[in-house]
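Every number for a ligand or one of its atoms is a count from 1 in the order of the listing. Bear in mind that the values here come from a model prediction, so they are computed numbers and not experimental data.
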Amino acid sequence: PLHCAPALPTEVQRAGLLNKTKIAEGGRKLRKSWGVSWVVLAGNSLIFYKEPKGPAPAAWCPTSTRPESSVDLRGAALDWARELSSKKNVIHLRTVPGNEFLLHSDQEATIQEWALAIAGVIQRLDLE
Ligand code: I3S
């Protein structure tokens, strides 16, 4: 695992570029708008950044740029999007406050790895 600056020793579990769209906020449906985000799984959160401009690994660390948004995974639910998108390899994340996201990769293996990692965090939090 990658370790970030000592000032904020958040362990980044996974980071990478994914296509993302928010489809609901507070339970209210939103119009889809797909875009590329730098997604970081760290601690109990999934954090979204604009595409990093700086060189890795600095850009991988949550302190190096301001996140666009962050999702608390406690109590969240993850499944395959299936009927929610015509694309393949899309996962659907629902959070307790009713914010919903679709995450997509062209690579099936990539989205499977993300799904396992996010589901692992959700499960760990469920067991706490
Ligand atoms: O679920 P939808 O409405 O079919 O989602 C598609 C639309 O958001 C579309 O945008 P416009 O309606 O503004 O043209 C997007 O371009 C598509 O990518 C969305 O569908 P997919 O199946 O790609 O998630």
Within 6.0 Å of NZ in Lys87, more than 12 heavy atoms from elsewhere: yes

Within 6.0 angstrom of Gln123 CD, more than 12 heavy atoms from elsewhere: no

Nearest option to atom 6 (C) of ligand 1, as decided by whichever heavy atom of Lys87, Arg31, Lys32 sits closest: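 Considering heavy atoms of Lys87, Arg31, Lys32, the nearest to atom 6 (C) of ligand 1 sits in Lys32.
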
Pairwise distance CZ(Phe101) to CG(Leu78) - rounded to 0.5 angstrom: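 These two atoms lie 12.5 Å from each other.
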
Spatial distance of atom OG1 (Thr110) from atom NE2 (His104) [nearest 0.5 Å]: 10.5 Å

Is [atom] less than 4.0 angstrom from some protein heavy atom?
| atom | answer |
| --- | --- |
| atom 10 (O) of ligand 1 | no |
| atom 3 (O) of ligand 1 | no |
| atom 16 (O) of ligand 1 | no |

Protein contact to atom 18 (O) of ligand 1 [nearest heavy atom, distance to 0.1 Å]: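 Protein heavy atom at minimum distance: Trp34 CD1, 3.4 Å.
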
Main-chain N/O of Ile111 paired to Asn89 side chain as donor or acceptor, under 3.5 Å: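 Looks like no, no N/O pair under 3.5 Å.
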
